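What follows is one structure encoded as structure tokens, with my remarks underneath.
The residues of the chain are indexed from 1 along the displayed sequence. This is a predicted model, so every value here is computed, not measured.
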Amino acid sequence: MDTEIELKYLIISDDTVNKITQLLTKNRLRFEQAEKHLSNCYFDSCDLNLRRHDMGLRVRISDSHIEQTIKTAGKVVGGLHQRPEFNVTITEPFPELALFPESIWTDTQEPRVIQNQLVSLFSTDFNRTVWTIRGIADSVIELVFDLGKIVSKGREEAICEIELELIEGETQDLFQLAGILFDALRLRPGTLSKAARGYALWQEDKQGEELTPLELIPLRYDTDLPTAFVTGIDFGLSKLQSVLNAYIDSPSLAYLEKTTELLALLRQGFWLFEAYLPEETRPIRDELSHYIQQLKWVDHAIYLQELTTKTGNYRKKLEYSEQLFSQLKLEKRRIPDIQHVIELIHSPRFNRLQLSLLGLLVSPPLFKETDYALTSFARHWLENSLTELFKVISGKAPLSSEQYIDNRKILNRSLLTGSWFGDLYDKEERLEFRNPWLDIKQGMSELQTLWLLHQQLQLLDEQPQKLVTWQASKVENLLMALESSRQIALTITPYWRR
């Protein structure tokens with residue numbers, strides 16, 4: 001058995017082989033280079049027994065050599081893949097499960113039954129270039145570039161990716177080589193294996209990433225603080241990379257809005273645990289802030305989209321003023337385009353940020369000593385964030401549009417603290433408390449859209465009275481709904497006090 005420790009990156013580049021070779025030479029790394037063609041066929045039972053147990057079975061043909069491989073349950077964290085695998089040479093291009101160790105099977109699996117049910121689901125066919133690299137400390141690292149396709153049921157998906165596998169040495173050596181590649185190639189972490197992509201192609205699964213607002217980090221109440229921090233970073237980083245890959249497949253502002261939220265969730269963790277983190281983690285938090293700022297335009301773009309979309313609530317009203325609609329279209333042209341976002345996602349700096357976050361998971365930061373239990377720590381921060389929120393959003397008098405808009409960041413921070421620690425508490429009590437605040441957050445976004453409309457109306461040579469009256473009425477009705485949600489939110493006992 002071998003356990004792979006590898007980084008996987010998807011690549012947008014041409015002449016990749018020459019670029020990598022030149023880069024290794026420039027950095028004075030010793031390497032041996034080889035090329036081969038690989039054909040792989042992946043097998044499973046029709047009920048996907050192996051897939052359900054997080055196992056992958058393939059037969060690989062390279063030249064005249066045939067090998068079967070089974071990969072068992074492992075983990076993928078931020079593009080770092082760790083999976084036990086078993087390789088056996090065979091004489092025919094069909095798997096023989098009896099040749100694998102009996103220990104790999106669970107109590108509910110019967111390999112003889114699975115053997116009789118095996119069918120070919122999909123295949124991969126690609127050219128592989130391999131560089132065996134020495135020269136980073138005492139490590140030996142295998143760098144692989146695969147270019148080809150996945151095929152299933154007559155459909156195809158391109159393969160264009162690199163993998164860095166640690167043969168000998170420390171994980172940090174692997175990270176160092178990845179950092180060298182960032183400067184020459186347009187990369188982004190690959191969270192899905194070829195097998196996972198093949199299964200998705202076979203199942204015709206192209207639904208994209210499900211977007212759930214302000215998800216909860218899965219924490220256990222008996223977890224210590226260092227483990228809680230690492231769990232949160234792992235969760236946030238994995239979600240971030242999945243959302244970014246979904247954006248590449250199907251660009252939308254919704255994915256970018258989720259990206260900003262996940263960056264903020266990660267940053268919130270650094271703020272919450274700041275007293276116990278070493279000073280060298282501070283630059284990571286600063287980089288998260290940098291990219292939140294880089295994507296600040298996304299909210300504005302969403303408000304513009306809401307105003308101008310053909311099926312939206314505002315489009316017919318905007319037709320009262322041709323000048324207004326022209327202004328809004330001009331505003332939309334100032335929004336960064338898809339290519340700008342793709343360049344950001346594949347930039348060296350953004351890749352280094354993700355690699356730094358991954359480094360915290362592989363080698364967790366040395367926490368300063370604390371006797372704080374996680375539940376006490378969580379209550380402290382939940383209480384603190386609610387106190388800050390109450391300072392600006394409580395009171396008997398209804399709040400104005402400006403007050404809601406000005407205090408949106410404080411509400412977001414409070415909700416993010418709830419995302420970090422809410423899973424420690426009863427679900428029904430948590431939802432009862434959080435839902436009115438989430439309603440207020442949504443209402444604040446709608447207010448921002450109406451405020452943008454108000455600003456654009458002020459720029460018109462002549463304001464259409466029907467539209468001005470309608471906008472004012474919408475704001476008034478929305479403020480009434482927000483006031484109702486605010487009064488409910490202020491009266492519900494927080495779930496952590498129960």
Taking E142 for the side chain and V130 for the main chain, is one N or O donor matched with an acceptor at less than 3.5 Å?
no

Side chains of S289 and R267: is there a donor and an acceptor less than 3.5 Å apart?
yes

Basic-acidic side-chain contact under 4.0 Å: D125, K149:
no

Between K19 and D14, is there a salt bridge with N-O shorter than 4.0 Å?
yes

Y372, F377, W381 screened by ring-ring contact (aromatic ring centres under 6.0 Å, His included) with F273, the one that passes
F377

Identify whether the distance between the nearest side-chain nitrogen and carboxylate oxygen of R352 and D183 falls below 4.0 Å.
yes

To the nearest 0.5 Å, what is the distance between OG (S123) and CH2 (W202)?
14.5 Å

As a test of understanding, state which of I12, I342, L10 forms a side-chain contact (heavy atoms from CB on, under 4.5 Å) with I248.
I342

Using the ring pair (Phe, Tyr, Trp, His ring centres under 6.0 Å) criterion, which residues pair with Y495? Sequence neighbours excluded.
Y425, F433

Only residue of K194, E67, R60 satisfying side-chain hydrogen bond (donor to acceptor under 3.5 Å, both in side chains) with N40 is R60

With distance as the sole test, does N245 use its side chain to make a donor-acceptor pair with the main-chain N or O of Q241 at under 3.5 Å?
yes

If the condition is side chain to side chain contact (heavy atoms under 4.5 Å, CB included), which residues does I410 pass it with, not counting sequence neighbours?
L389, V392, N407, R413

Main-chain N/O of V243 paired to T259 side chain as donor or acceptor, under 3.5 Å:
no

For residues Q268 and T417, is any side-chain donor paired with an opposing acceptor at under 3.5 Å?
yes

In terms of side-chain heavy atoms, does S356 have a donor or acceptor partner in E287 at a distance below 3.5 Å?
no

Would you call K258 and E215 a salt bridge, using N to O less than 4.0 angstrom?
yes

Please walk me through it: do Y9 and F182 pass ring pair (Phe, Tyr, Trp, His ring centres under 6.0 Å)?
CA-CA 10 Å; Y9 288 95; F182 292 158; 5.5 Å; yes

Whether over 12 other heavy atoms sit under 6.0 Å from F390 CZ
yes

With side chains defined as the heavy atoms from C-beta onward, is the minimum distance between I393 and W437 less than 4.5 Å?
yes

Y199/Y42 aromatic ring centres below 6.0 Å
no

More than 12 heavy atoms of other groups within 6.0 Å of R334 CZ
yes

Is any side-chain heavy atom of Q22 closer than 4.5 Å to one of N18?
yes

Relative to each other, are the rings of F367 and Y276 parallel, tilted or perpendicular (30° and 60° limits)?
parallel

What I want to check is whether the side chains of Q172 and Q176 have a donor and an acceptor closer together than 3.5 Å.
no

